[in-house]
Amino acid sequence: MTIKDIPLRLKELPGEPSDRQAIESALALRGEAVALFAEEKYDEALERVVEALRKLREFSDYSHREFRALLAVLLFDLSETHFALKDYKQSEKELELLFKVLEQLIKDDSERFGEFHVLAMELSTRILRSRKKTLELLAKQQINTGVLYEKVNAGVAAATDKLVESLRKGAEMMAQTGDYRGAVRFYMEAIKLAKKRTGRVTRREVKMTVEMARVMMHSRNETARAKRLLMAVLPHAVSLENLELEQEILGMIEKIDADVAHEPMWRTFLEKVQRTAKTKLRRSKKEKEEEKSEENVNDTEH
């Protein structure tokens with residue numbers, strides 16, 4: 001990962017054993033994530049970072065500086081990992097939250113936390129460049145797709161397979177830019193054409209359905225539909241005797257169930273983190289205004 005570790009000041013942590021345990025567990029999971037990321041096992045690295053954030057949620061004081069320092073590290077890891085997975089839209093969302101967390105940290109200690117802001121800005125620039133490049137490639141891809149549609153309509157049988165792959169590639173690019181609805185539409189069209197071409201469900205159709213379900217998982221309203229699709233193609237993966245694909249489907253179903261179960265807690269956690277940050281900023285601003293007011297009074301008296 002690009003980010004450099006900021007050594008935590010564990011001596012400044014509250015005395016509660018549960019708080020120290022939450023920090024130590026999160027750090028251990030973060031270490032596993034870094035190792036997995038180095039091996040380019042991005043999906044597994046993402047799971048460890050998310051689990052580390054869940055552990056961090058058990059900390060008692062969301063306004064504590066060391067809590068927020070580790071939160072900043074994990075948010076950057078989360079954004080960096082989604083960037084590696086070419087999920088630029090999600091990566092950008094996580095950066096937005098990171099900047100909010102960093103705001104107070106930099107005010108408290110710019111020397112210690114300023115590097116985070118530089119790294120976050122650098123990642124933000126990479127995201128923008130990647131999205132721009134993807135949009136340019138997507139435009140070319142859509143032109144190619146249009147040409148293939150014309151060939152299919154003209155009765156060129158061999159063009160169907162190329163059209164399916166073109167639609168699939170277009171769907172991948174749309175997902176990268178954050179156009180998840182467009183990506184789902186392209187996947188649906190590709191799957192329909194592929195089934196019509198073969199007359200049966202092959203590994204390609206199952207794989208595309210899994211890819212489409214993964215895109216749907218970005219939308220809270222689509223997770224139930226994504227799970228239904230995964231449950232529907234699971235028997236096909238089993239009948240194809242494709243153990244890797246079967247495990248991937250089961251893992252995604254498990255992830256959907258876990259995300260649904262933790263969703264209210266996640267919202268509460270992130271809202272509380274942001275709320276404590278705003279409260280601290282208001283308090284800091286009020287204190288500065290009071291100090292300035294006192295200085296003006298003293299100047300007047302003299």
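Sequence positions, counted from 1, serve as the residue numbers for this chain. Quick caveat, the model's predicted, so the values are computed rather than measured.
For Asp19 (side chain) and Phe59 (main-chain N/O), no donor-acceptor pair under 3.5 Å exists by modelled atom type. Checking side-chain atoms of Ser166 against main-chain N and O of Lys162 turns up no donor-acceptor pair under 3.5 Å. For Glu66 (side chain) and Arg9 (main-chain N/O), a donor-acceptor pair under 3.5 Å exists by modelled atom type. A donor-acceptor contact shorter than 3.5 Å links the side chain of Thr134 to the backbone of Ser130. Put simply, the side chain of Ser79 never gets that close to the backbone of Leu75: no donor and acceptor are under 3.5 Å apart. Remark: side-chain polar atoms of Asn153 are paired, donor with acceptor, to backbone N or O of Tyr149 under 3.5 angstrom. Under the 3.5 Å distance criterion, the side-chain polar atoms of Thr223 are left unmatched by any main-chain donor or acceptor of Ser219.
For Asp257 and Lys227, the salt-bridge test passes: some basic side-chain N is under 4.0 Å from an acidic carboxylate O. Residues Arg203 and Glu244 are not paired through a salt bridge, judged by the lack of any N-O separation under 4.0 Å between the basic side chain and the carboxylate. Look at Arg54 and Glu51 and you find a salt bridge, because one of the NZ, NE, NH1 or NH2 atoms lies within 4.0 Å of a carboxylate O, short of that distance. The pair Lys195-Glu205 fails the salt-bridge criterion, with no side-chain N (NZ, NE, NH1 or NH2) lying under 4.0 Å from an Asp/Glu carboxylate O.
For the pair Arg181/Met216, no side-chain contact is recorded, criterion being any heavy-atom separation below 4.5 Å from C-beta on. You'll find the side chain of Thr177 stays beyond 4.5 Å of the side chain of Lys89, heavy atoms only. With a 4.5 Å cut-off on side-chain heavy atoms, Asn242 and Glu246 do not count as touching. Using a 4.5 Å heavy-atom threshold, the side chains of Lys169 and Asn144 count as separate.
The line from CG of Leu98 to CZ of Phe116 is 8.0 Å long, rounded to the nearest 0.5 Å. Atom CG in Leu29 sits 11.5 Å away from atom CG in Asp77 (nearest 0.5 Å). Here Phe113 contributes atom CZ and Lys107 contributes atom NZ; the two are 15.0 Å apart, rounded to the nearest 0.5 Å. Here the CD1-OG1 distance, from Ile191 to Thr209, works out to 3.5 Å after rounding to the nearest 0.5 Å. Note that CG of Leu85 is 8.5 Å distant from CZ of Arg214, once rounded to the nearest 0.5 Å. Rounding to the nearest 0.5 angstrom, the gap separating the CZ atom in Phe76 from the CG atom in Leu97 is 14.0 Å.
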Step by step, would you call Met212 with Glu222 a side chain to side chain contact (heavy atoms under 4.5 Å, CB included)?
-> CA-CA 11 Å; Met212 182 170 67; Glu222 291 290 304; over 6 Å; no
Derivation and outcome, side-chain hydrogen bond (donor to acceptor under 3.5 Å, both in side chains), residues Gln104 and Asp108 | CA-CA 6 Å; Gln104 182 60 44; Asp108 288 346; 2.8 Å; yes
Passes salt bridge (charged side-chain N to carboxylate O under 4.0 Å, His left out), Glu96 versus Lys100? Steps please.
-> CA-CA 7 Å; Glu96 288 173 7; Lys100 290 177 183 178; over 6 Å; no
Quick one: do His218 and Asp87 satisfy side chain to side chain contact (heavy atoms under 4.5 Å, CB included)? Show the steps, please.
-> CA-CA 10 Å; His218 286 93; Asp87 191 346; 2.4 Å; yes
Please test Leu163 against Leu167 for side chain to side chain contact (heavy atoms under 4.5 Å, CB included), starting from the C-alpha separation and ending with a verdict.
-> CA-CA 6 Å; Leu163 176 57; Leu167 287 165; 4.1 Å; yes
So Arg197 and Val164, side chain to side chain contact (heavy atoms under 4.5 Å, CB included) or not? Walk me through it.
-> CA-CA 10 Å; Arg197 175 87 168 87; Val164 168; 5.9 Å; no
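In the hydrophobic clustering of ILVMFWY residues, with side-chain heavy atoms under 4.5 Å counting as a link, Val210 and Leu250 come out together. Follow the hydrophobic side-chain contacts under 4.5 Å out from Val215 and you reach Leu193 in the same cluster. Leu74 and Leu36 end up in different hydrophobic clusters when Ile, Leu, Val, Met, Phe, Trp and Tyr side chains are linked at under 4.5 Å. Transitive grouping of hydrophobic side chains (ILVMFWY, heavy atoms separated by less than 4.5 Å) brings Leu78 and Leu27 into a common cluster. Side-chain heavy atoms closer than 4.5 Å link hydrophobic residues (I, L, V, M, F, W, Y) into clusters, and following such links, even through other members, never connects Met173 to Ile127.
Of all heavy-atom pairs between Leu230 and Ile249, the closest is O-CG2, 3.5 Å. Nearest heavy-atom pair, Leu95 versus Ala120, reported as atom, atom and distance to 0.1 Å: CD1-O, 3.9 Å. When all heavy atoms are compared, the tightest approach of Met217 to Ala226 is CG-CB, 4.2 Å. When all heavy atoms are compared, the tightest approach of Leu240 to Thr202 is CD1-C, 4.0 Å. Nearest heavy-atom pair, Ala26 versus Lys55, reported as atom, atom and distance to 0.1 Å: N-CB, 4.2 Å. Considering all non-hydrogen atoms of both residues, Tyr180 and Gln90 come closest at OH-N, 3.9 Å.
The side-chain contact (heavy atoms from CB on, under 4.5 Å) test applied to Arg20 returns Leu10, Leu13, Glu24, not counting sequence neighbours. Under the side-chain contact (heavy atoms from CB on, under 4.5 Å) criterion, Gln142 pairs with Leu138, Met174, Phe186, not counting sequence neighbours. Under the salt bridge (Lys or Arg N to Asp or Glu O under 4.0 Å) criterion, Glu94 pairs with no residue, sequence neighbours left out. Taking Arg168 as the reference, Glu165, Glu172, Tyr187, Arg204, Lys207, Met208, Glu211 meet the side-chain contact (heavy atoms from CB on, under 4.5 Å) condition, with sequence neighbours excluded. In terms of the side-chain contact (heavy atoms from CB on, under 4.5 Å) criterion, residue partners of Lys86 (sequence neighbours excluded) are, by chain and number, Tyr88, Gln176.
At most 12 non-hydrogen atoms from other residues, nucleotides or ligands lie less than 6.0 angstrom from CE of Met188. Under a cut-off of 6.0 angstrom, the local environment of CD in Glu39 is crowded, with over 12 non-hydrogen atoms contributed by other residues, nucleotides or ligands.
Residue pairs meeting the salt bridge (charged side-chain N to carboxylate O under 4.0 Å, His left out) criterion with at least one partner in residues 129-151, sequence neighbours excluded, are Glu92-Arg131.
Residues Tyr42 and His82 place their aromatic rings such that the two centres sit no closer than 6.0 Å.
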